[in-house]
Structure formats: structure tokens, C-alpha cells
Colleague: 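My questions will all concern the structure given below.
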2 protein chains.
Amino acid sequence: MATDPAESALRAAFLTDLSVSGRKLRTLFDAIVRKRGLTLARARLLLHLRQHGATRQGELALVLELEHPTVVRLLDGLEKQGLIARHAVDGDRRAKLVAITEAAAPTVAELEQLIAELRVELLADIAEDDLATASRVLARLVQSIEAMGAAPRSHER
Amino acid sequence: MATDPAESALRAAFLTDLSVSGRKLRTLFDAIVRKRGLTLARARLLLHLRQHGATRQGELALVLELEHPTVVRLLDGLEKQGLIARHAVDGDRRAKLVAITEAAAPTVAELEQLIAELRVELLADIAEDDLATASRVLARLVQSIEAMGAAPRSHER
DNA sequence: TGCAAATAGTTAGCAAGCTACATATGAGAT
DNA sequence: ATCTCATATGTAGCTTGCTAACTATTTGCA
């Protein structure tokens with residue numbers, strides 16, 4: 001048990017590193033789009049609307065991997081900013097279709113540009129292969145996380 | 001510009017994947033330690049105290065890579081739970097030394113165990129090499145993020 | 001037809017994270 | 001000795017994210 005191969009220093013630090021770097025990314029992004037009145041979460045939502053057109057709230061929650069109430073509040077904010085509108089869906093009076101407003105179009109176009117540039121800058125000195133590996137690792141991890149979410153083992157105590 | 005090598009689908013998705021997986025990790029962890037009245041952030045803080053002994057608040061902020069006010073509130077919560085105490089530092093009446101309470105020792109020991117198990121479970125099917133690569137990628141990214149934070153280029157508009 | 005269960009969205013309440021600003025104390029220079 | 005600047009912590013206020021519990025529809029089946 002002294003040198004358990006499953007317990008390298010790497011493994012010990014990885015999960016922390018992951019959540020810290022995710023947080024830092026969000027903070028940087030928030031700072032960049034702040035003067036436009038946006039945040040990472042709002043930008044992600046707007047981008048989806050731009051790229052996939054009007055979308056139902058439930059679908060948004062699925063795609064953005066957020067809980068429904070989180071989406072509700074993001075939309076409340078964006079609606080107040082006049083960037084999106086909730087439209088009635090005919091055939092289902094429960095549902096709402098979310099769409100970008102005319103007024104938001106330029107902002108969102110600019111945002112898309114900004115994000116593309118940021119991406120290039122941040123990932124500039126990372127090799128494609130390494131990125132692919134990292135991507136795979138994250139995907140695996142998420143898979144395990146979701147498996148555990150469904151069947152939490154011993155942590156029930 | 002049609003097939004810009006700097007703009008693969010991987011690159012397009014990576015930053016989102018990172019922040020999403022970080023979030024999911026946090027959510028899972030929070031759910032696991034919830035019945036103990038803990039969260040990921042609080043656990044990280046307690047773990048540091050256990051492994052490095054009593055620490056000043058400023059030092060905690062540095063080590064955990066959190067802003068000072070965030071640490072203040074984590075400590076407020078943990079103090080209310082009776083898990084940590086803020087002690088005076090003699091020689092500097094501004095400073096406070098944060099220490100785990102006697103009462104918290106068993107909780108924290110248990111927590112350490114729990115985290116070790118979780119780590120093994122989550123990373124079980126990931127090769128050491130891949131993990132190392134992923135780790136390097138994250139480190140690089142954080143480096144870029146911090147460089148940009150200091151010198152935000154074109155995003156000044 | 002009419003009632004039960006599923007689905008769409010919302011409300012309430014909590015913790016974490018940030019920025020901006022405030023307070024108290026210490027240290028260094030004149 | 002004092003005055004200024006730096007350091008250590010704290011307060012206020014905002015957004016994101018979650019879970020739990022609610023309302024309004026719709027759907028499916030008896």
C-alpha cells in the first residue's frame with residue numbers, strides 16, 4: 001500500500017486541478033465579457049440560440065447541461081436585458097420557445113467572434129494530440145461521475 | 001480559413017467541456033458529502049488544514065486559489081459548524097490563524113478517506129499517461145489564462 | 001369521459017465565487 | 001514621532017448553480 005499504483009501524486013491532484021482550472025476559465029471569461037453585460041453562462045446560452053435557432057427551455061437545459069431552474073434565471077436576466085424573448089408555442093400552452101431578439105443580433109455576432117479569438121489564444125500552445133487526450137480523459141471522467149450519480153456506492157452511510 | 005488548423009472541432013468544444021466537467025465534479029462531490037454538512041469548497045479547506053496544520057487566512061486563499069472574501073465566508077460557515085476556529089496571532093493583531101477544532105478531527109479523517117476512495121473510483125479506468133497529458137494541458141491552459149488576466153489583449157474595446 | 005401520471009416551466013432558498021469597497025493594524029521613511 | 005503606504009481581514013452585493021417543492025398543462029388509459 002506504500003506505492004499503490006492507483007494513488008500517484010497525479011491522481012491525487014487531478015480532480016482539484018480540474019475544478020480549479022474550470023473556475024479560472026469562467027472567471028477570466030466573465031471578466032472579458034463583463035462590460036457587455038454578459039457572463040460565461042449567458043454567453044453559452046446566446047451562442048446556442050444563434051447556432052441552433054429558437055429553442056425550448058427544457059431543450060436548453062439539456063444541451064447546456066444545466067438544471068431547469070438555472071436556465072429559468074439565466075433567461076430572466078437575458079430577457080430583462082432585452083437579448084432574448086420567450087414566445088408561446090402553439091399546440092402546447094405549457095411550453096415556451098426562446099429566441100434571440102433582433103436587437104441582440106449584433107451583440108451575439110460580436111460575441112461569437114470574441115469567443116473564437118479567445119479560444120485560439122488560450123489553446124495556442126497546446127498540441128492537437130494532447131488536446132484530444134485531455135478531451136477523452138474529461139469525457140471518461142464525466143461518464144464515471146454520471147454513473148456514480150445514478151448508483152452512489154458506499155457513500156450512503 | 002475554411003480549415004484553419006487552429007480551429008478544429010476539438011478546440012471549439014474543449015473549453016466548454018472543461019467548465020462543464022468541473023461543474024459536474026463539484027455537484028457530485030457536494031451531493032456525496034452533503035449529509036455530513038459539507039461541500040467541495042469546505043472539504044478542500046479542511047483537508048488543507050489537516051495536512052498542513054493551522055494556517056493564516058491569506059495563506060489559505062493563496063493555496064486554495066480563492067479570493068479572500070470567499071475564504072472569509074467559507075470560514076464563517078465552518079466556524080458556525082464548529083469545525084474550525086480562528087485564533088489570534090501574537091505579534092500581528094491583524095492576522096488570524098485558522099485551525100481545525102478537536103471536535104472536527106474525526107469528521108476530517110473520515111473525509112480524507114472518502115476522498116481517496118472517490119478519486120480511485122472516478123479515475124479507475126484512465127491510464128496514467130493520459131492523466132499526465134491531461135494534467136499538463138490543464139496547467140498550460142491555466143498559465144495562458146493567468147497571462148491574459150494580467151494583459152488582456154484586444155478585448156478592451 | 002374523466003382521472004392519474006407525466007411534462008413544462010416556475011418559485012424559494014442555500015452555498016460558492018467574484019468584484020469593489022471598508023476597517024484595522026503594522027512598517028518604513030522623514 | 002508621525003504620516004503614509006502596505007497588509008490582513010471583513011462587509012456588501014451580484015451571478016451562477018444546485019435541490020426541493022409548486023402550478024399549469026397534456027397525455028394516456030380505464
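Chain A is the first sequence line, chain B the second, and so forth, proteins listed ahead of strands; every chain is numbered from 1. Note that the coordinates shown come from a computational prediction; the quantities given were computed from them, not determined experimentally.
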Colleague: Taking side chain as C-beta onward, heavy atoms only, is A:Val98 less than 4.5 Å from A:Val71?
Modeller: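 No; the side chains remain at least 4.5 Å from each other.
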Colleague: How close or far is atom P of C:dA16 from atom CZ of A:Arg26, stated in whole angstroms?
Modeller: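 Taking atom P of C:dA16 as the reference, CZ of A:Arg26 is at 13 Å.
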Colleague: What's the spacing between B:Gln57 CD and B:Leu66 CG if we round to 0.5 Å?
Modeller: 12.0 Å
Colleague: Over how many whole Å does the gap from A:Lys24 atom NZ to D:dT16 atom P extend?
Modeller: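 Interatomic distance, NZ of A:Lys24 to P of D:dT16: 21 Å.
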Colleague: Between D:dT26 atom P and A:Arg56 atom CZ, what is the distance in whole Å?
Modeller: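 Nearest whole value for this atom pair: 11 Å.
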Colleague: Counting the atoms with a prime plus P, OP1 and OP2 as sugar-phosphate, which does A:Asp30 contact under 4.0 Å by heavy atoms, base, sugar-phosphate, or nothing?
Modeller: nothing
Colleague: State, yes or no, whether a side-chain contact exists between A:Val20 and A:Arg23 at a heavy-atom distance under 4.5 Å.
Modeller: yes
Colleague: What distance do A:Arg36 atom CZ and A:Leu114 atom CG have between them, rounded to the nearest 0.5 Å?
Modeller: 5.0 Å
Colleague: Do A:Leu123 and B:Leu15 make a side-chain contact, defined as non-hydrogen atoms from C-beta onward lying under 4.5 Å apart?
Modeller: yes
Colleague: Considering heavy-atom distances to DNA chain D, does B:Ala95 or B:Thr27 have its closest nucleotide positioned more toward the 5' end?
Modeller: B:Ala95
Colleague: Taking only Lys NZ, Arg NE, NH1 and NH2, and the carboxylate oxygens of Asp or Glu, determine whether A:Lys80 and A:Asp76 approach each other closer than 4.0 Å.
Modeller: no
Colleague: Would you tabulate the pairs of protein nitrogen or oxygen atoms and nucleotide nitrogen or oxygen atoms of nucleotides 10-14 of chain C closer than 3.5 angstrom?
Modeller:
| from | atom 1 | to | atom 2 | distance (Å) |
| --- | --- | --- | --- | --- |
| C:dT10 | OP1 | A:Arg86 | NH1 | 3.1 |
| C:dT10 | OP1 | A:Lys96 | NZ | 3.0 |
| C:dT10 | OP2 | A:Gln57 | OE1 | 2.9 |
| C:dT10 | OP2 | A:Gln57 | NE2 | 2.5 |
| C:dT10 | OP2 | A:Arg86 | NH1 | 2.8 |

Colleague: Between B:Lys24 and A:Glu65, does any side-chain N to carboxylate O distance fall below 4.0 Å?
Modeller: yes
Colleague: If you look at every strand shown and take non-hydrogen atoms under 4.0 Å, does A:Thr70 touch a base, only sugar-phosphate, or nothing?
Modeller: base
Colleague: Among C:dG9, C:dT19, D:dT25, which is the nearest nucleotide to the side chain of A:Arg34?
Modeller: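 Selected nucleotide: C:dT19.
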Colleague: Would you say B:Arg23 places a side-chain N or O within less than 4.0 Å of OP1 or OP2 belonging to D:dC18?
Modeller: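 Checking D:dC18 against B:Arg23, a side-chain N or O does come within under 4.0 Å of OP1 or OP2.
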Colleague: Return the value, rounded to whole Å, for the distance between atom CG of B:Leu64 and atom P of C:dA16.
Modeller: 12 Å
Colleague: Using atom CD of B:Glu67 as one end and atom C1' of D:dA8 as the other, report the distance to the nearest whole Å.
Modeller: 14 Å
Colleague: Report yes if at least one side-chain N or O of A:Arg93 is closer than 4.0 Å to OP1 or OP2 of D:dT26; otherwise report no.
Modeller: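 Checking A:Arg93 against D:dT26: at least one side-chain N or O falls below 4.0 Å of OP1 or OP2.
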Colleague: Quick one, which residues of residues 39-50 of chain A touch DNA chain D with a heavy atom under 4.0 Å?
Modeller: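 Within residues 39-50 of chain A, the residues near DNA chain D are A:Thr39, A:Ala41, A:Arg42.
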Colleague: So, taking the atom named CG in B:Leu141 and the one named CG in A:Asp125, what distance separates them when rounded to the nearest 0.5 Å?
Modeller: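 Here the interatomic distance stands at 9.0 Å.
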Colleague: If I take atom CG in residue B:Leu60 and atom C1' in nucleotide D:dA8, what distance separates them, rounded to the nearest angstrom?
Modeller: 13 Å
Colleague: For atom CD of B:Gln51, decide whether the heavy atoms of other residues, nucleotides or ligands shown that lie under 6.0 angstrom number more than 12.
Modeller: yes
Colleague: Give, for atom CG of A:Leu74 and atom CG of A:Leu46, the distance between the pair rounded to the nearest 0.5 Å.
Modeller: 9.5 Å
Colleague: Spell out yes or no: do the side chain of A:Arg94 and the base of D:dT26 have one donor N/O and one acceptor N/O closer than 3.5 Å?
Modeller: no
Colleague: Could you give the distance from CG (A:Leu138) to CZ (A:Arg140), rounded to the nearest 0.5 Å?
Modeller: 12.5 Å
Colleague: Output one line per pair: protein atom, nucleotide atom from nucleotides 2-5 of chain C, and distance, for all N/O pairs under 3.5 Å.
Modeller:
none

Colleague: Counting only heavy atoms from other residues, nucleotides and ligands, does the tally under 6.0 Å from CG of B:Asp90 exceed 12?
Modeller: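 Count not over threshold, so no.
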Colleague: Between B:His87 (NE2) and D:dT9 (C1'), how many Å, whole number?
Modeller: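 These atoms are roughly 17 Å apart.
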Colleague: Which whole-number value in Å describes the distance from A:Leu25 CG to D:dT16 P?
Modeller: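 Distance, rounded to whole Å: 15 Å.
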